[in-house]
Amino acid sequence: MISQTKGDLRVLSMQDYDVSFGSAGASLRKILDQQKYSQRVIIVDEHTRQHCLSILDKNLYDHIIEIPSGERHKTIATCEQIWATMAEYGCDRHSLVIDLGGGVIGDMGGYAASCYMRGIDFIQVPTTLLSQVDASVGGKLGVDFKGYKNFIGLFAHPRAVCVDPSFLKTLPYHELRSGYAEMIKHALISDRDSWIRLTTATDWTSNASAEEIATSVGIKRQVVLDDPKERGRRKILNYGHTIGHAIETLSFAHDRPYLHGEAIAIGMVAEAYLSHHACKLSARQLDEITEYIRGVYDDLPVHHLDHVKEIKMLMKKDKKNRDGSILFSLLTEIGSAIHDIEVSDAAIGDALSYAQSTWLT
């Protein structure tokens, strides 16, 4: 999976940028030694400013833009604040944006950079497991709009992605576990051997290692290279997300909103149920998936799943839909997935009931 080693850095080559694994500071220095920028802006939130910014040398950036953390701030309004501040700093088309944070900063910071003066370079420095294995790789950028996740966005590749596992030491347990859901997903859709390794580990947290992170990124890399603009096979990366995104969005209105990976964990169980009924995923493998995910995410509240009508309404806004039909990416077996599968409205309700019963028993 790792294509080459450069000094102390392991590097995975995408089509037109590299993902490095190792010291983020060393990675950034190499890039900035190769190319001079007129202004270097680093985007942080209050958490990454406190816990992560000190890991990087101050001479790697000229200005700091701090935005509030959380999905509810992943909006055009926040982008307007970023653009206004960049303009105040005199950023031009030869400037650089460094996104230091999780998926929200990566998605929104990359989107803001890609729109500013019709597009300037940006580098992703993901600080959460979720962003290291998923959000920072693949070029999908955007913001939420009127309650719908990633509704406004575009495809644009970063100048580079710098994955530094040392940032994971700053994460609370539930944030680490949230990111782990994407590692589970990657294994389920495309790598049976990864699934076996993940599920046979004594403690799931040991899987958040540099080697397994690189393997997980490598799985996504191959899918993205096969289908850069998500017109076909890349859609399998949405396994667990059609239902997961809907219940995540719904949960924002409640006192215990889901973290992204928590919602996706529930979505993967529900969509494994759909896979069994629509794509002949075996009953044994359905049980295997359900038991493992339930074991890792054992304390999730599932009262949100009572709101079946609202969840289905949110699913109708999913970007993968076509002609009003809700389309799923589902499993034919562990390690293999297919996309654009339509299921009945009743089956969706049954899948939600199955997922809820999984956590209630």
Side-chain angles (χ1 to χ4, degrees), residues 4-14 16-69 79 81-114 116-117 119-129 131-132 135-137 139 141 156-171 210 213-214 217:
Q4 54 188 311
T5 302
K6 298 181 179 179
D8 294 329
L9 299 171
R10 294 186 295 171
V11 177
L12 183 67
S13 294
M14 300 294 289
D16 53 6
Y17 65 96
D18 288 342
V19 183
S20 64
F21 299 84
S23 165
S27 298
L28 286 170
R29 275 191 295 273
K30 286 180 180 290
I31 295 167
L32 296 178
D33 285 345
Q34 295 168 0
Q35 184 168 349
K36 303 302 180 183
Y37 290 97
S38 60
Q39 301 286 342
R40 300 164 300 172
V41 173
I42 190 165
I43 299 178
V44 298
D45 60 25
E46 68 273 21
H47 301 302
T48 55
R49 185 167 194 161
Q50 178 182 355
H51 299 292
C52 302
L53 189 59
S54 61
I55 295 175
L56 302 178
D57 293 338
K58 292 182 179 179
N59 62 6
L60 294 174
Y61 53 88
D62 302 304
H63 307 287
I64 300 170
I65 297 178
E66 181 178 328
I67 61 174
S69 63
C79 287
Q81 296 172 18
I82 293 171
W83 292 322
T85 307
M86 289 174 64
E88 289 175 9
Y89 287 148
C91 293
D92 57 23
R93 297 187 72 179
H94 307 286
S95 299
L96 171 72
V97 169
I98 302 169
D99 297 320
L100 181 68
V104 171
I105 284 183
D107 281 359
M108 183 163 52
Y111 175 75
S114 299
Y116 187 81
M117 294 190 173
I120 62 174
D121 281 0
F122 65 98
I123 296 174
Q124 302 286 32
V125 185
T127 59
T128 65
L129 183 58
S131 56
Q132 289 187 359
S136 65
V137 177
L141 307 166
H157 290 157
R159 172 70 173 77
V161 178
C162 307
V163 175
D164 188 338
S166 68
F167 286 123
L168 301 184
K169 298 175 184 177
T170 70
L171 295 180
I213 290 170
V217 172

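For the single chain, residues carry numbers from 1 onward in sequence order.
For the residue pair S166/D164, the side-chain donor-acceptor check at 3.5 Å is satisfied.
Of the possible donor and acceptor atoms, none in the side chain of S69 sits under 3.5 Å from a partner among the backbone N and O of D45. Listed for the Y89 side chain is no donor-acceptor partner under 3.5 Å among the backbone atoms of I65. For the pair D92 (side chain) and H94 (backbone), a donor-acceptor distance under 3.5 Å is present. Proximity of a side-chain donor or acceptor of Q132 to a complementary backbone N or O of V163 within less than 3.5 Å is not detected.
Scanning both residues, M14 and V137, for their nearest heavy atoms gives CE-CG1, 3.8 Å. When all heavy atoms of G110 and D99 are compared, the pair lying nearest together is N-OD2, 3.2 Å. Of all non-hydrogen atoms in L32 and K36, the two that sit nearest each other are O-NZ, 3.7 Å. Nearest heavy atom pair, residue T128 against residue G102, reads OG1-CA, 3.6 Å.
D62 meets the salt bridge (charged side-chain N to carboxylate O under 4.0 Å, His left out) test with R40; sequence neighbours excluded.
Contact annotation: the side chain of L56 approaches that of I42 to within less than 4.5 Å [non-hydrogen atoms, C-beta and beyond]. The side-chain heavy atoms of D57 and R29, taken from C-beta on, include a pair separated by under 4.5 Å. When side chains are defined from C-beta on, L129 counts as touching I213, because their heavy atoms get closer than 4.5 Å. Side-chain atoms of C52 and V44, non-hydrogen and from C-beta on, never get closer than 4.5 Å to each other. Two residues are said to be in side-chain contact when any heavy atoms from C-beta on lie closer than 4.5 Å; L53 and Y61 meet this criterion. Taking the side chain as every heavy atom from C-beta outward, F122 and I43 never approach each other to under 4.5 Å.
Residue S114 forms a side chain to side chain contact (heavy atoms under 4.5 Å, CB included) with just one option from V97, L141, D121, I120, and that option is L141.
Counting only residues at least two apart or on different chains, no ring-ring contact (aromatic ring centres under 6.0 Å, His included) pair has a member in residues 24-45.
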